[in-house]
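Proteins come first, then strands; the chains are lettered A, B, ... in the order of their sequence lines, and each starts at number 1. What you are looking at is a predicted structure, and each value in this text was computed from that prediction instead of being measured.
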Protein chains: 2
Amino acid sequence: MTRISGAESQVMEAVWGKGPLAADEIVAEVGAPQGWGEATVKTLINRLLKKKALISERSEGRTRYRALVSRADYVQGESQGLLDRLFGGELAPLVAHYAKHRNLSPGEVARLKRLIESLDNGD
Amino acid sequence: MTRISGAESQVMEAVWGKGPLAADEIVAEVGAPQGWGEATVKTLINRLLKKKALISERSEGRTRYRALVSRADYVQGESQGLLDRLFGGELAPLVAHYAKHRNLSPGEVARLKRLIESLDNGD
DNA sequence: GGCGAACAGTTACAGCCGTAAATTGGTCCG
DNA sequence: CGGACCAATTTACGGCTGTAACTGTTCGCC
């Protein structure tokens with residue numbers, strides 16, 4: 001339960017995105033883009049196994065790794081921590097900060113607007 | 001330029017919040033709440049000096065530490081990283097996620113709505 | 001059934017981080 | 001001038017992280 005680190009999360013993203021993957025598939029998926037060697041990815045996989053974020057299961061002669069923690073939970077923890085540490089746990093200050101320092105594109109503003117509206121009435 | 005770590009950021013928050021502080025003031029401000037000894041806080045201060053996030057200046061017989069990096073820059077870097085890693089660099093997915101998993105209070109929704117509107121028309 | 005290839009898992013190592021003590025160096029008061 | 005304080009530097013050490021090589025195991029083919 002030691003927290004998923006940055007590099008490890010790349011591996012998790014691959015598995016979350018594509019379902020259970022074999023080691024060499026994970027290497028192809030994240031090692032290559034990241035410039036990591038095969039050995040490195042293996043280490044990450046094993047650390048994730050050890051911290052029970054992945055489980056290995058053998059099927060049709062290949063070992064595949066399946067996620068044991070959900071992406072939602074992970075994202076939850078990460079963003080919660082950031083929100084709490086930096087913005088008093090509230091969204092509005094984050095959005096304000098982001099708007100001020102990054103120039104939201106009109107498209108993004110529109111998307112946000114629709115989203116907020118849907119939250120406001122209904123659902 | 002090595003990035004401000006978690007513990008270090010506590011020290012930075014104190015200085016950002018209260019302006020230049022002396023060592024023992026920082027200890028009182030962050031060491032006590034966090035349960036850190038004086039020595040620990042000293043280490044953090046020194047690491048921050050080394051990475052040029054703080055500078056020490058002597059005035060009226062006391063050495064005070066002043067922030068060299070702005071909170072905005074720090075916050076920027078941190079939240080940018082999170083947004084990029086977890087939400088494709090866009091705000092809307094973060095807001096959506098947060099809404100889904102944390103039940104925005106109506107008050108917060110209203111605040112967001114006003115904020116978005118002000119972004120939309122104007123400035 | 002043995003051997004090599006493929007694959008799974010283990011060990012390694014340096015750097016950063018949290019936590020802290022010890023040592024050195026500078027200032028100011030008496 | 002000599003302590004007393006305070007600041008700064010150095011050293012310590014275990015755990016986590018990024019990065020990687022090495023070893024042990026399994027399975028198919030001869």
Side-chain angles (χ1 to χ4, degrees), chain A residues 1-15 20-66 68-69 74 77-78 81-82 85, chain B residues 1-15 20-68 74 77-78 81-82 85:
Chain A
M1 255 315 166
T2 326
R3 260 196 43 71
I4 291 168
S5 82
E8 286 161 5
S9 79
Q10 301 284 331
V11 170
M12 294 305 292
E13 290 290 352
V15 175
L21 295 179
D24 59 351
E25 291 170 328
I26 297 182
V27 170
E29 202 68 31
V30 325
Q34 234 68 34
W36 295 333
E38 184 188 336
T40 300
V41 177
K42 295 264 195 79
T43 298
L44 296 175
I45 292 174
N46 266 286
R47 287 183 182 159
L48 289 166
L49 286 175
K50 200 155 302 174
K51 55 181 79 162
K52 306 252 195 269
L54 288 182
I55 193 169
S56 73
E57 46 193 28
R58 188 153 253 277
S59 65
E60 299 137 42
R62 307 281 287 125
T63 299
R64 298 216 159 62
Y65 301 93
R66 171 194 304 280
L68 277 187
V69 306
Y74 170 71
E78 292 295 301
L82 184 107
R85 276 193 303 121
Chain B
M1 257 314 168
T2 325
R3 259 195 43 71
I4 292 168
S5 82
E8 286 161 5
S9 80
Q10 301 285 330
V11 171
M12 294 306 291
E13 289 290 352
V15 176
L21 295 179
D24 59 353
E25 293 170 326
I26 297 182
V27 169
E29 201 70 31
V30 326
Q34 234 68 37
W36 295 334
E38 186 187 334
T40 299
V41 176
K42 293 262 196 79
T43 298
L44 295 175
I45 292 174
N46 264 287
R47 287 185 182 159
L48 288 166
L49 287 175
K50 199 155 303 174
K51 56 180 78 164
K52 306 257 195 264
L54 288 181
I55 194 168
S56 73
E57 49 193 27
R58 186 153 254 277
S59 65
E60 297 135 44
R62 309 279 288 124
T63 299
R64 297 215 159 64
Y65 301 92
R66 170 193 304 280
L68 277 188
Y74 170 71
E78 292 296 301
L82 184 104
R85 276 193 302 121

Minimum heavy-atom distance between A14(B) and L21(B), given as atom pair plus value: O-CD1, 3.9 Å
Between dC16(C) (C1') and I4(B) (CD1): distance, integer Å: 15 Å
T2(A), nearest nucleotide to its side chain (from dC16(D), dA20(C), dA8(C)): dC16(D)
Rounded distance in Å - CG (L21(A)) to P (dC7(C)): 14 Å
Between OG on residue S56(A) and CG on residue L68(A), distance to nearest 0.5 Å: 9.5 Å
T43(B) and N46(B): CA distance, side-chain angles, deciding distance, side-chain contact (heavy atoms from CB on, under 4.5 Å) verdict: CA-CA 5 Å; T43(B) 298; N46(B) 264 287; 5.8 Å; no
Residues D24(A), E38(A); criterion side-chain contact (heavy atoms from CB on, under 4.5 Å); working and verdict: CA-CA 8 Å; D24(A) 59 351; E38(A) 184 188 336; over 6 Å; no
Spacing between E57(B) atom CD and dA7(D) atom P, to the nearest angstrom: 13 Å
Length of the line joining L48(B):CG and dT9(D):P, which is rounded to integer Å: 13 Å
Nucleotide nearest S5(B) (side chain, heavy atoms from C-beta), chosen from dT19(D), dC17(C), dC7(C): dC17(C)
Between dG18(D) (P) and Q10(A) (CD): distance, integer Å: 10 Å
R85(A)/E13(B) under side-chain contact (heavy atoms from CB on, under 4.5 Å): CA gap, chis, key distance, verdict: CA-CA 10 Å; R85(A) 276 193 303 121; E13(B) 289 290 352; over 6 Å; no
Between dC17(C) (C1') and L44(B) (CG): distance, integer Å: 9 Å
A22(B) or E8(A), whichever maps to the more 5' nucleotide of DNA chain D: A22(B)
Euclidean distance, atom CD1 of residue I45(A) to atom C1' of dT19(D) [Å, nearest integer]: 15 Å
Test: K51(A) and E8(A) ion pair at under 4.0 Å: yes
Gap separating the CG atom of L54(A) from the CD1 atom of I26(A), nearest 0.5 angstrom: 6.5 Å
Nearest listed nucleotide, side chain of A7(A), among dG18(C), dC17(C), dG18(D): dG18(D)
Give me the distances for all protein-to-nucleotides 9-12 of chain C N/O pairs that come in under 3.5 Å?
| unit_1 | atom_1 | unit_2 | atom_2 | d |
| --- | --- | --- | --- | --- |
| dG9(C) | OP2 | Y65(A) | OH | 3.1 |

First encountered from the 5' end of DNA chain D, between V41(A) and A23(B): A23(B)
Give every pair of a protein N or O atom and an N or O atom of nucleotides 26-30 of chain C that lie under 3.5 Å apart, one pair per line with the distance.
none

Nearest heavy-atom neighbours spanning A23(A) and Y65(A): N-CE1, 3.9 Å
Atom-to-atom span, CD of Q34(A) to P of dG18(D) - whole angstrom: 11 Å
N or O in side chain of R62(A) less than 4.0 angstrom from dA6(C) OP1/OP2: no
N or O in side chain of T40(B) less than 4.0 angstrom from dT19(C) OP1/OP2: no
Derivation and outcome, side-chain contact (heavy atoms from CB on, under 4.5 Å), residues V69(A) and M12(A): CA-CA 9 Å; V69(A) 306; M12(A) 294 305 292; 3.9 Å; yes
Shortest non-hydrogen contact from A28(B) toward P33(B): O-CD, 3.6 Å
